[in-house]
Amino acid sequence: MTDQRFNPLAADKRWQKRWAESRVFEADDASSKPRSYVLEMFPYPSGRIHMGHVRNYTMGDVLARFRRMQGFEVLHPMGWDAFGMPAENAAMEKKVHPGEWTRANIASMRSQLKTLGFAFDWSRELATCDPEYYGQEQALFIDLFEGGLVYRKESAVNWDPVDMTVLANEQVIDGKGWRSGAQVEKRKLSQWFLKITDFAEDLLAGLGDLKGWPEKVRLMQENWIGKSQGLQFHFPLAEAQGDIASVEVFSTRPDTIFGASFVALAADHPLTQTLAGQNEALAAFAEQCKAGGTTAAELETMEKKGFDTGLTVTHPLDPDWQLPVYVANFVLMDYGTGAVFGVPAHDQRDLDFARKYDLPVKRVVSDGEETAADYASNEAYTGPGKIVNSAFLDGMTVEAAQQTVIDRAQSEGWGKAQTTWRLRDWGVSRQRYWGTPIPIIHCDDCGPVPVPKEQLPVVLPEDIDFETPGNPLERHATWKHIDCPKCSKAARRETDTLDTFVDSSWYFLRFASQPDDRPFDPEVVKQWLPVTQYIGGVEHAILHLLYARFWTRALASIGKLDFAEPFESLFTQGMVTHETYKHGDGSWLSPDEVEKNGADWAVISDGSPVTTGRVEKMSKSKKNVVDPDPIIEQYGADAVRFFMLSDSPPERDLPWSEAGIEGSWRFVQRLWRLFIAVTDSSDEGEDKTLRRKLHQTVAGVAADIEALSFNKAVAKVFELVNLIEKSQPSGDRTAAIKSLARIVAPMVPHIAEEAWALFGENDLVANASWPKVDESLLVDDEVTIAIQVRGKLRDTITVAKGSNKEHLEELALASEKVQRSLDGAEIKKVIVVPDRLVNIVI
RNA sequence: GCGGACGUGGCGAAAUGGUAGACGCAGCAGACUUAAAAUCUGCUAUCCGAAAUGGGUGUGCGGGUUCGAGUCCCGCCGUCCGCACCA
């Protein structure tokens with residue numbers, strides 16, 4: 001006798017074991033089937049999986065299982081983005097080695113993921129902290145180095161002057177170091193860069209072909225790359241300073257050149273440094289500009305400060321016009337030429353600066369009304385218009401004036417048209433231990449020399465200490481000392497490690513192919529790549545995805561790959577959120593510390609009142625985190641998976657709720673009641689309505705899963721289940737229930753396997769094919785048509801599908817309700833949309 | 001500051017420019033039960049109305065295009081995400 005209740009505790013484990021033993025989800029490189037590579041962004045092994053992971057991997061799993069049922073050879077791997085700062089923090093706080101901590105986390109997260117029954121090919125599992133992985137990454141880095149795509153230059157980092165260490169942006173809180181509390185400074189270090197800007201044009205152009213990517217991500221990347229065309233030109237200095245005779249600037253608005261009122265230099269501009277040598281006040285100001293961190297948000301919101309150097313430059317179009325030269329804290333040496341000219345009337349930042357230092361503000365673009373040179377507003381005008389107060393440019397449009405100025409600059413030889421990019425080269429040096437060692441040896445005579453490939457991997461030393469802040473590799477007694485591979489003299493290893501974004505820029509290649517002796521086999525990679533569907537958080541929309549696109553192109557450019565785009569389709573999922581709870585004293589409370597008391601919430605322990613706050617992203621600080629483990633244990637993997645797919649569209653946030661998971665649990669039990677009833681149910685008799693609904697559901701759910709609209713797929717499953725429950729026993733009903741097991745198999749695979757076995761099938765439902773659709777059953781033969789009068793619904797009629805316009809108009813006008821509504825008014829027009837509606841215009 | 005998105009019942013939402021609110025949650029009423037749970041049946045945007053297979057209103061706010069707008073366009077407001085060393 002079959003259990004009346006589905007027991008996930010036993011069933012989940014049983015089927016997970018069966019799947020593992022039969023190795024059904026291991027991808028076959030030699031398969032002759034069409035390929036599908038389904039990939040979710042691999043997790044950072046923080047210690048425990050969270051609901052966001054559960055949601056992400058459930059979505060990918062549904063697609064992977066569905067594609068298998070549709071006859072694809074599916075690659076659906078899992079691994080660990082295992083390098084990064086949290087491991088070093090743990091080392092400092094808990095006195096545990098970062099590697100040990102990371103590996104323990106991986107072990108526990110792996111077993112957590114396994115309880116959810118994901119169809120992963122675990123045979124391909126990798127962790128980026130394995131020497132087998134990062135050693136191959138070092139080989140790729142050397143390839144890029146030899147391909148001329150790697151170089152070294154000075155770049156600013158956040159420096160904590162007390163701890164004497166480099167800080168990540170995340171470690172800078174309100175401009176202060178998170179541990180020391182000291183005011184953070186910018187400090188220049190010599191660092192390794194990858195030439196992503198060489199690919200700027202190509203990365204931009206490639207976006208156009210990424211049809212499977214969300215429009216918003218493509219737009220964000222486009223803006224990030226930030227192609228702008230403008231004029232690069234020089235302002236001659238009234239008096240040359242040493243060997244510097246002019247200031248080179250770049251502007252995207254050369255049309256406003258007659259509105260210029262000052263030139264501003266970066267604090268670390270060569271001219272600033274020359275002048276600071278003779279001017280103590282300026283030197284002090286330049287020093288002051290080092291205060292603060294390096295983030296864009298910080299730089300752009302800080303108070304704009306300047307220092308008048310006393311120098312002047314000559315306007316290129318008017319030899320009698322002298323402009324003052326300032327040093328300003330908002331001008332960055334890293335962007336453009338490290339110097340700008342300010343046009344206060346048409347740039348907000350310049351306007352703020354001009355008002356502060358009492359500089360002229362001259363209107364040169366008219367908004368269509370005001371044309372006077374005098375500009376009174378404190379809001380810059382950045383819109384389109386006609387040029388005014390600008391000599392030979394007057395009356396031109398902004399675009400025409402830009403071209404005119406560029407042409408003139410080029411013919412007169414003081415400037416040239418220039419394309420610049422917002423995108424900067426990728427700085428990959430990190431002054432940290434827990435990352436991939438950069439495989440370079442510094443030799444006094446030979447310069448930077450790559451580690452010979454046969455000496456790879458350059459392995460991280462195990463004996464390190466985190467007692468002192470800073471990079472343990474730098475302090476290690478012996479590790480960095482090595483002889484130069486070229487000249488054999490004493491030399492030093494590079495002690496910086498690679499940005500973890502490098503690790504995640506090629507893991508999808510290593511999943512596809514992982515030979516021992518090289519990063520990947522291009523022939524095998526070619527079978528799987530590009531990734532058919534990539535799924536992950538929208539927070540990766542720019543950096544990770546752009547870096548991965550770059551890395552793929554870079555490898556292609558040196559002949560290691562023969563495709564440019566790694567991800568054919570991309571889906572960015574929403575976050576899992578939860579209501580927040582606050583105690584009277586202002587402290588946050590976790591969901592398991594509170595209970596609902598009538599309409600109000602109270603603390604369980606002492607009954608004191610609780611205010612409920614906004615529904616927001618689960619975070620430790622707000623304490624609104626729900627740990628998946630106990631939930632899976634209580635309700636089973638299928639209920640949790642089903643909840644993750646229900647209700648909220650996958651790209652939007654999903655509010656976690658106890659009631660929601662209860663509902664999913666009840667649904668799983670509803671399915672079970674249908675499944676167990678099949679064994680003693682009828683094979684006789686027809687039910688055309690149900691059969692039609694079944695086929696519509698099979699087709700509809702398939703389309704929804706394909707589009708990753710899981711919430712819609714779930715709604716269609718509900719409709720089918722509702723109808724089956726209401727239907728009388730029949731052959732069609734029995735068939736519908738049997739098909740239902742396959743329809744829900746990608747979503748709730750454990751109960752589906754259980755049902756499949758119950759139906760007497762010997763093979764796994766994981767190996768079953770998706771039900772066939774009878775196309776003729778997809779269309780109804782009757783349709784309900786709306787009848788509107790002046791766009792307002794007045795009646796509905798049911799007619800045969802495909803009824804002609806004249807007939808529909810006749811029926812509409814015959815309607816009593818329509819006549820009442822018309823009330824004898826004159827009919828001007830009748831709009832008839834067949835199978836849809838009739839609209840009577842009066 | 002810059003860039004991007006989102007905004008529909010009590011809640012999550014659905015809706016090729018064509019009947020707004022499918023489906024789920026919560027709630028209410030009822031059935032079953034000694035009782036509870038589970039399950040089943042019905043109702044559930046809002047206002048007017050005793051009710052109606054009555055009518056009005058309604059998709060953040062203000063305009064516009066259209067026979068017809070949640071959907072398209074313009075301008076606001078609000079919320080969230082990203083900003084290059086968090087992953």
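For the pair A:Arg5 and A:Trp672, the NZ or CZ position fails the cation-pi test of under 6.0 Å to the six-membered ring centre and within 45 degrees of the ring normal. Figure legend: cation-pi geometry between A:Lys304 and A:Phe353 absent, as NZ or CZ is not positioned both under 6.0 Å from the six-membered ring centre and within 45° of its axis.
Between A:Asp653 atom CG and B:G7 atom C1' the separation is 13 Å, expressed in whole Å. As a whole-Å value, the separation of A:Lys216 NZ from B:G82 P is 12 Å. Atom-to-atom, CG of A:Asn839 to C1' of B:G68 comes out at 6 Å; the value is rounded to the nearest Å. One atom, CD of A:Glu662, and another, P of B:C25, lie 11 Å apart when rounded to the nearest Å. Distance A:Phe571 CZ to B:A5 C1': 14 Å, rounded to the nearest Å. The CZ atom of A:Arg218 sits 14 Å away from the C1' atom of B:G4 (whole-angstrom rounding). Taking atom NZ on A:Lys304 and atom C1' on B:C2, their separation rounds to 11 Å, with Å as the unit. Atom P of nucleotide B:A69 and atom CZ of A:Arg790 are separated by 12 Å, given to the nearest angstrom.
Each of B:A5, B:C67, B:A84 was ranked by its minimum atom distance to the side chain of A:Leu543; first place goes to B:A84. Counting only heavy atoms from C-beta on, A:Gln788 has its side chain closest to B:U19 among B:U19, B:A26, B:C86. Set against B:C23, B:C83, B:C85, the side chain of A:Trp224 has B:C83 as its closest nucleotide. Taking every side-chain heavy atom of A:Ala296 into account, B:G1 is the closest of B:C85, B:G1, B:G56. Side chain of A:Arg430, nearest nucleotide from B:C85, B:G24, B:A26: B:C85. Taking only side-chain atoms of A:Val841, from C-beta outward, the nucleotide of B:C81, B:A14, B:C67 with the closest atom is B:C67. Comparing B:A20, B:U16, B:A38 by their closest approach to the side chain of A:Arg836 singles out B:U16. Among B:G4, B:C85, B:A26, the nucleotide with an atom closest to any side-chain atom of A:Met220 is B:G4. Across B:G24, B:C86, B:U19, the shortest atom-to-atom separation from the side chain of A:Asp647 is found for B:G24. The side chain of A:Tyr547 approaches B:A84 more closely than any other nucleotide in the set B:A26, B:A84, B:A13.
A donor-acceptor pair shorter than 3.5 Å can be found between the side chains of A:Ser180 and A:Asp160. Side-chain contact check for A:Gln431 and A:Asp496: at least one donor-acceptor pair (N or O, by modelled atom type) lies under 3.5 Å. A donor-acceptor pair shorter than 3.5 Å cannot be found between the side chains of A:Asn56 and A:Glu40.
Looking at heavy-atom distances under 4.0 Å, A:Lys617 makes no contact with the nucleic acid at all. No engagement by A:Ala541 is indicated, since no non-hydrogen atom pair under 4.0 Å with the nucleic acid exists. Using a 4.0 Å heavy-atom distance criterion, A:Phe667 is classed as making no nucleic acid contact. Within the 4.0 angstrom heavy-atom criterion, no nucleotide atom of any strand lies near A:Arg349. If you check every strand for non-hydrogen atoms under 4.0 Å, A:Ile831 touches a base. Contacts of A:Gly537 with the nucleic acid, taken as non-hydrogen atoms under 4.0 Å apart, are absent. Residue A:Val166 is in base contact, counting any heavy-atom pair closer than 4.0 Å across all strands shown. Here A:His544 lies out of heavy-atom contact (under 4.0 Å) with every strand. A:Thr784 comes within 4.0 angstrom of a base, heavy atoms only. Across all strands, A:Gly660 comes closer than 4.0 Å to no nucleic acid atom at all (heavy-atom distances). At a threshold of 4.0 angstrom between heavy atoms, the contacts of A:Pro43 with the nucleic acid are absent. At the heavy-atom level, A:Ser657 lies nowhere under 4.0 Å from the strands shown. At a threshold of 4.0 angstrom between heavy atoms, the contacts of A:Leu423 include nucleobase atoms, whether or not backbone atoms are also involved.
Distances shorter than 4.0 Å separate none of the side-chain N or O atoms of A:Lys792 from OP1 or OP2 on B:C67. Note on A:Arg424: every side-chain N or O is 4.0 Å or more away from OP1 and OP2 of B:A84. Taking 4.0 angstrom as the limit, A:Thr796 places none of its side-chain polar atoms (N or O) nearer than this to OP1 or OP2 of B:U19. Between B:G7 and A:Arg652, a contact under 4.0 Å exists linking OP1 or OP2 to a side-chain N or O. When the side-chain nitrogen and oxygen atoms of A:Asn722 are compared with OP1 and OP2 of B:G24, one or more of them lie within a distance under 4.0 Å.
You won't find any donor-acceptor pair under 3.5 Å spanning the side chain of A:Asn169 and the base of B:C85, going by distance alone. Residue A:Gln191 places a side-chain atom within donor-acceptor reach of the base of B:C85, judged by atom type and a 3.5 Å distance cut-off alone. Counting atom types as modelled, A:Asn223 pairs no side-chain N or O with a base atom of B:G3 as donor and acceptor under 3.5 Å. For A:Gln431 against B:C85, a side-chain-to-base donor-acceptor contact under 3.5 Å is present.
When the P atom is compared between B:A84 and B:A20, the two are found 48 Å apart, to the nearest whole Å. As rounded to the nearest Å, B:G12 and B:U16 have C1' atoms that lie 24 Å from one another. Here the separation of B:G78 from B:C61, taken at their C1' atoms, is 10 Å to the nearest Å. The same atom, C1', is picked in B:G10 and in B:A45; the two are 10 Å apart, to the nearest Å. Rounded to a whole angstrom, the distance from the P atom of B:A5 to that of B:U44 is 39 Å. B:G18 and B:U71 have their P atoms separated by 11 Å, with the value rounded to a whole Å. To the nearest whole angstrom, the two P atoms, one in B:C43 and one in B:A52, are 13 Å apart. Taking the C1' atom of each, B:G63 and B:C11 are spaced 32 Å apart, rounded to whole Å.
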field: Verdict with reasoning, A:Glu494 to A:Trp192, per side-chain hydrogen bond (donor to acceptor under 3.5 Å, both in side chains)
entry: CA-CA 10 Å; A:Glu494 171 66 61; A:Trp192 291 103; 2.7 Å; yes

message: Could you walk me through whether A:Thr577 and A:Asp653 satisfy the side-chain hydrogen bond (donor to acceptor under 3.5 Å, both in side chains) test, starting with their C-alpha distance in whole Å, then the side-chain angles of each, then the deciding distance to 0.1 Å, before giving a yes or no?
response: CA-CA 7 Å; A:Thr577 59; A:Asp653 289 350; 5.4 Å; no

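At a threshold of 4.0 Å, the pair A:Arg179-A:Asp163 does not count as salt-bridged, since none of the basic side-chain nitrogens sits closer than that to a carboxylate oxygen. A salt bridge is absent between A:Lys227 and A:Glu222; no separation between the charged side-chain nitrogens and carboxylate oxygens falls under 4.0 Å. Ion pairing of A:Glu616 with A:Lys622 is present here, as a side-chain N (NZ or NE/NH1/NH2) and a carboxylate O approach within less than 4.0 Å.
A residue-by-residue look at A:Glu725 and A:Ile785 shows that A:Ile785 has its nearest nucleotide of RNA chain B further toward the 5' end. Remark on RNA chain B: of its neighbouring residues A:Ala715 and A:Val833, the 5'-side contact belongs to A:Val833, judged by nearest-heavy-atom nucleotide.
By the rule that a glycosidic angle within 90° of 0 means syn, B:G54 does not qualify and counts as anti.
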